[in-house]
Amino acid sequence: MQIVAKDLTFVYNAKTKFSKTALDKISLTIDEGDFFGIIGHTGSGKSTFIQHLNGILRASSGYLTVGDFDLSPSAKKDKKRLKELRAKVGMVFQYPEYQLFEETVYKDVAFGYKNFFPKATEDEVKSAVINAVAAVGLDSSVLNKSPFDLSGGQKRRVAIAGVIVSKPEVLVLDEPVAGLDPVGKRELMNLLHSLHKNVCKTIVIVSHDMDEVAQNCNKIAVFSEGKIVMTGTPKEIFSKVDELLALRLDAPLTALLAADLKKVGADIDTDFTTDDFTKKVAGLYHKNNA
C-alpha cells in the first residue's frame with residue numbers, strides 16, 4: 001500500500017476565530033516496504049498527519065490515498081470502507097499500554113480482531129490472538145493474565161499485539177520508544193523490524209529520538225510549522241546538522257560528531273548508523289597512523 005499526499009491541508013476549528021492550520025499543503029509519498037521516519041518539533045504537524053492515514057482526521061483540502069483507499073476531502077465517505085482501512089492501517093499511539101482495559105491479555109488482543117471481523121469464529125479469533133502475541137515476542141502463558149500484572153515493556157507489546165492482530169499492511173507508531181530505557185528502546189526497535197519483516201509491509205514512526213531514526217529508518221520527512229521542509233534518506237537529512245538545529249531539532253550523536261570532525265578537516269562519508277560511523281572513524285584512524 002503506497003501512501004500519497006498532495007497539497008494536503010488540515011485546519012483545526014475551521015471557520016472559527018480559533019482556527020489553526022496544522023498541515024499546510026504538504027506533499028509526501030511513502031512507498032510500500034518503507035521503514036519511514038517522521039521528525040519535527042512539537043506542534044509541527046507530525047501527529048496530525050499520521051491521524052489522516054487511517055481516517056481519524058479528514059483533510060480540509062488536497063489529496064490523500066492509502067493504497068486504493070481515497071481519503072481526499074472530495075471522496076465519498078463510506079463507513080464500511082473506513083473500517084476496512086483501519087484493519088489495514090494499524091495505529092499505535094504514544095504510551096499505548098495506557099489504553100489496555102480488558103481483564104485478560106487474551107480479551108484485550110481479541111477485542112480489535114472481533115471489531116474488524118465480527119463474523120469470525122472463536123477458533124479464528126483464538127488463532128489470530130495467539131499469532132499476534134507470538135509476533136510481539138510474548139509467550140502464550142500471558143494470555144490468561146491481567147495486562148495490568150505485566151511489566152511495562154510487556155504491556156506495550158500487548159498493546160501492539162492488539163493492533164497487529166488484524167495483520168495490517170501499514171503500521172504507524174507515534175513515539176514508539178517514549179519512556180523506555182536504552183535496553184527497552186533497542187528491544188522495541190528490534191521488535192518493529194521483526195514485524196516489518198513478517199507482518200506489516202510498511203512501518204511509519206513519529207519520533208523525537210534522532211538516534212533511533214538514523215539507526216532504523218530508510219527514509220525521513222522533516223516537518224516544521226505544518227510544512228514538510230526536507231525529505232530524504234538518513235544520510236541526506238542528517239548531513240544537514242546546522243539546518244536541523246535551526247529548526248529546533250536535535251541530530252543523532254553520530255551526525256554531531258561527524259560535523260565536529262569535518263570542522264577539523266576529517267570529512268567522514270557515513271550513513272550515520274552507529275556501525276557505519278565507527279567503522280569509518282576506525283578506518284580514518286588507521287589511515288592516519290599507518
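Keep in mind that this is a model prediction, so the values were computed, not measured. Values below: all heavy atoms of this structure, side chains included; hydrogens, waters and symmetry mates excluded.
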Q) Do any pairs count as a side chain to side chain donor-acceptor pair (under 3.5 Å) and have a residue in residues 18-30, sequence neighbours left out, and if so which ones? A)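 For residues 18-30, and leaving out neighbouring residues, the side chain to side chain donor-acceptor pair (under 3.5 Å) pairs sorted by first residue read D24-K227.
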Q) Taking only residues at least two apart or on different chains, which pairs with a member in residues 238-256 satisfy side chain to side chain donor-acceptor pair (under 3.5 Å)? A)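 Those involving residues 238-256 are H41-R248, E225-R248.
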So, taking the atom named [atom1] in [X] and the one named [atom2] in [Y], what distance separates them when rounded to the nearest 0.5 Å?
X    : Y    : atom1 : atom2 : answer
T274 : K279 : OG1   : NZ    : 11.5 Å
F36  : N218 : CZ    : CG    : 8.0 Å
I237 : L244 : CD1   : CG    : 7.0 Å
L71  : K77  : CG    : NZ    : 11.5 Å
L100 : Y98  : CG    : OH    : 11.0 Å
I130 : Y106 : CD1   : OH    : 7.0 Å

What I'd like to find out is whether the side chain of [X] reaches to under 4.5 Å of the side chain of [Y], using heavy atoms alone.
X    : Y    : result
F49  : I38  : yes
N216 : H193 : yes
K114 : E122 : yes
V222 : L249 : yes
M230 : I220 : no
V165 : F111 : no
K107 : T104 : yes
V129 : L143 : yes

Q | Derivation of the salt bridge (Lys or Arg N to Asp or Glu O under 4.0 Å) call for D211 and K185 | A | CA-CA 11 Å; D211 293 294; K185 289 181 179 181; over 6 Å; no
Q.
Check this for me, if you would: do K88 and E84 make a salt bridge, where the nitrogen-to-carboxylate-oxygen distance has to be below 4.0 angstrom?
A.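 No.
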**Q.** Cation-pi check, R86 onto F116 ring (under 6.0 Å, within 45° of axis)
**A.**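 R86 over F116 ring: no.
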Q: Begin with the C-alpha distance, continue with both residues' side-chain angles, and end with the deciding distance and a verdict on salt bridge (Lys or Arg N to Asp or Glu O under 4.0 Å) for R81 and D68.
A: CA-CA 10 Å; R81 286 284 285 169; D68 63 354; 3.6 Å; yes
Looking only at heavy atoms, which two atoms of [X] and [Y] are closest? And how far apart?
X    : Y    : value
A59  : P73  : O-CG, 3.2 Å
A251 : M210 : C-CB, 3.8 Å
N54  : L82  : O-CD1, 3.8 Å
E102 : F148 : O-CE1, 3.7 Å
F277 : I268 : CE1-CD1, 4.4 Å
A87  : S166 : O-OG, 2.9 Å

Would you say the side chains of [X] and [Y] form a donor-acceptor pair under 3.5 Å?
X    : Y    : value
S141 : D139 : yes
T273 : D275 : no
D70  : S72  : yes
T202 : D34  : no

Q: Any chance you could lay out the side chain to side chain contact (heavy atoms under 4.5 Å, CB included) test for L192 and F35, step after step, and finish with the verdict?
A: CA-CA 9 Å; L192 294 185; F35 199 119; 4.1 Å; yes
Counting distance only, does the side-chain N/O of [X] pair as donor-acceptor with the main-chain N or O of [Y] below 3.5 Å?
X    : Y    : result
D108 : F101 : yes
E212 : D209 : no
H196 : G33  : yes
N131 : A128 : no

Hydrophobic cluster membership, [X] vs [Y], 4.5 Å side-chain cutoff:
X    : Y    : result
V163 : V142 : yes
F93  : V89  : yes
Y113 : V109 : yes
I205 : I26  : no
M1   : I50  : yes

Could you go through residues 171-181 and list every donor-acceptor pair under 3.5 Å that involves a side-chain atom there, pairing it with any protein atom two or more places apart or in another chain?
from: D174; atom 1: OD2; to: S47; atom 2: OG; distance (Å): 2.9
from: E175; atom 1: OE1; to: H208; atom 2: N; distance (Å): 3.2
from: E175; atom 1: OE2; to: H208; atom 2: N; distance (Å): 3.2
from: E175; atom 1: OE2; to: H208; atom 2: ND1; distance (Å): 2.5
from: D181; atom 1: OD1; to: V183; atom 2: N; distance (Å): 3.2
from: D181; atom 1: OD1; to: G184; atom 2: N; distance (Å): 2.6

Q: With side chain to side chain contact (heavy atoms under 4.5 Å, CB included) as the test, would you mind laying out the steps for R157 and L191 before giving the verdict?
A: CA-CA 9 Å; R157 287 172 183 258; L191 168 61; 3.9 Å; yes
Q. Please walk me through it: do V136 and R156 pass side chain to side chain contact (heavy atoms under 4.5 Å, CB included)?
A. CA-CA 10 Å; V136 298; R156 190 164 296 190; over 6 Å; no
Q: Measure up the F10 and Y12 rings against each other and bin them: parallel (under 30°), tilted (30 to 60°), perpendicular (over 60°).
A: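 Rings of F10 and Y12: perpendicular, over 60°.
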Q: Apply the side-chain hydrogen bond (donor to acceptor under 3.5 Å, both in side chains) test between K235 and each candidate in D271, T270, D269; give the one that qualifies.
A: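 Answer to the side-chain hydrogen bond (donor to acceptor under 3.5 Å, both in side chains) test with K235 among D271, T270, D269: D269.
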Q | Within 6.0 angstrom of N144 CG, more than 12 heavy atoms from elsewhere | A |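 For N144, atom CG is not crowded (no more than 12 foreign heavy atoms under 6.0 Å).
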(Q) Can you confirm whether more than 12 heavy atoms, excluding those of E124, are under 6.0 Å from its CD atom? (A)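 Atom CD in E124 is packed in, count exceeds 12.
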**Q.** Check against side chain to side chain contact (heavy atoms under 4.5 Å, CB included), L247 and V229
**A.** CA-CA 10 Å; L247 292 168; V229 294; 3.7 Å; yes
